[in-house]
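Contents: one structure, followed by commentary.
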Amino acid sequence: GVPWDVWWYYILLLAFYMTQLVMLPFDVKRNDYLAQTTHHVVTIGLMVGSWISNGTRIGSVVLIVHECTDVMLQCGKLLKYFKKPDPNDIVGKVFVFQCGKLLKYFKKPDPNDIVGKVFVIFSATWILTRVIYFPVFINIPATEAVLDPDRLGGCFIFKALAVLLWILFVLHLYWTTLLIRVIYNVTIKKKKLHDNRSGDEGSDEDDVDEKKSK
């Protein structure tokens, strides 16, 4: 049977992604709405398929690889949306979201500087886990096993799961292009760090900055 900790891990994350999928139409519409919808559907399909096929071990690895970046992403969003935060207050609040230890290593941190550091860690983690580790150590070995008739080649569900893994990787590449655009805007164009999936948000901030400079 499935170990109890893996069972709870699957149940909680499956409930999370199903909630995200149901609530997505009611959330703010962003440029990657279709990509987000596809991601949630593919993720749910992978979780259900790996559970049915008794592939929870590889499924857990896939989930952990993705959760590594999600922690830093949510931590960065949390800090970004604080209004003139007190650094000491940030440590207490972010600790609840498992990021408090990170902030304690900063000496008298500037809130904007913290967001930048978290963004750097997030970008590095994203590229290492989702663009390098995920295809090299998960997708390619899984595909080789599916194409081998003596291993998993005769099972349709494993072929379907392999296709879903590659769809997930394509989505990673799409979001990586958006991430590179953010990095370019911040480092080269010296713009403020913001979510470029929403065109209105970025244009509004730029307009405000231009008005202030005048």
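Values reported hereafter were calculated over all heavy atoms of this structure, with side chains retained and with hydrogens, waters and symmetry mates removed. Numbers here simply count residues along the sequence, with the first being 1.
- A donor-acceptor contact shorter than 3.5 Å links the side chain of Asn185 to the backbone of Arg181.
- Pairing each heavy atom of Val146 with each of Lys159, the nearest pair is CG1-CG, 3.3 Å.
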Determine all donor-acceptor pairs shorter than 3.5 Å in which one atom belongs to a side chain in residues 56-67; sequence neighbours excluded.
| from | atom 1 | to | atom 2 | distance (Å) |
| --- | --- | --- | --- | --- |
| Ser60 | OG | Thr56 | O | 2.7 |
| His66 | ND1 | Val62 | O | 2.6 |
| His66 | NE2 | His172 | NE2 | 3.0 |

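- Under the side-chain contact (heavy atoms from CB on, under 4.5 Å) test applied with Leu171, the options Thr38, Asp32, Thr43 reduce to a single match, Thr38.
- Contact between Gly55 and Tyr10 at its shortest, heavy atoms only, is O-OH, 4.1 Å.
- Counting non-hydrogen atoms of other residues, nucleotides and ligands closer than 6.0 Å to CG of Asp5 gives a total above 12.
- Taken to the nearest 0.5 Å, the SG atom of Cys68 stands 12.0 Å off from the CZ atom of Phe122.
- For residues 18-28, no residue pair satisfies the side chain to side chain donor-acceptor pair (under 3.5 Å) rule, not counting sequence neighbours.
- Other residues sharing the hydrophobic cluster of Tyr184, ordered by chain and number and joined by side-chain separations under 4.5 Å: Ile188.
- The shortest heavy-atom contact between Met72 and Ile121 is CE-CG2, 3.9 Å.
- Applying the side chain to side chain donor-acceptor pair (under 3.5 Å) test to pairs two or more places apart or on separate chains, those with a residue in residues 119-136 are Thr69-Arg130, Asp70-Arg130, Trp126-Thr176.
- In plain terms, the two heavy atoms of Ala142 and Leu165 that are nearest each other are CB-CD1, 4.1 Å.
- A pairwise comparison of heavy atoms in Leu46 and Leu161 identifies CD2-O, 3.5 Å as the closest pair.
- With sequence neighbours excluded, the residues that form a side-chain hydrogen bond (donor to acceptor under 3.5 Å, both in side chains) with Trp166 are Thr143.
- Pro141 approaches Pro135 most closely through the heavy-atom pair CD-O, 4.3 Å.
- With sequence neighbours excluded, no residue satisfies side-chain hydrogen bond (donor to acceptor under 3.5 Å, both in side chains) with Tyr9.
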May I have the step-by-step check of side chain to side chain contact (heavy atoms under 4.5 Å, CB included) for Leu168 and Phe134, ending in yes or no?
CA-CA 10 Å; Leu168 201 59; Phe134 182 65; 4.0 Å; yes

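- Placement of Val28 and Leu34 in two distinct hydrophobic clusters is found when ILVMFWY residues are connected by side-chain heavy-atom separations under 4.5 Å, directly or transitively.
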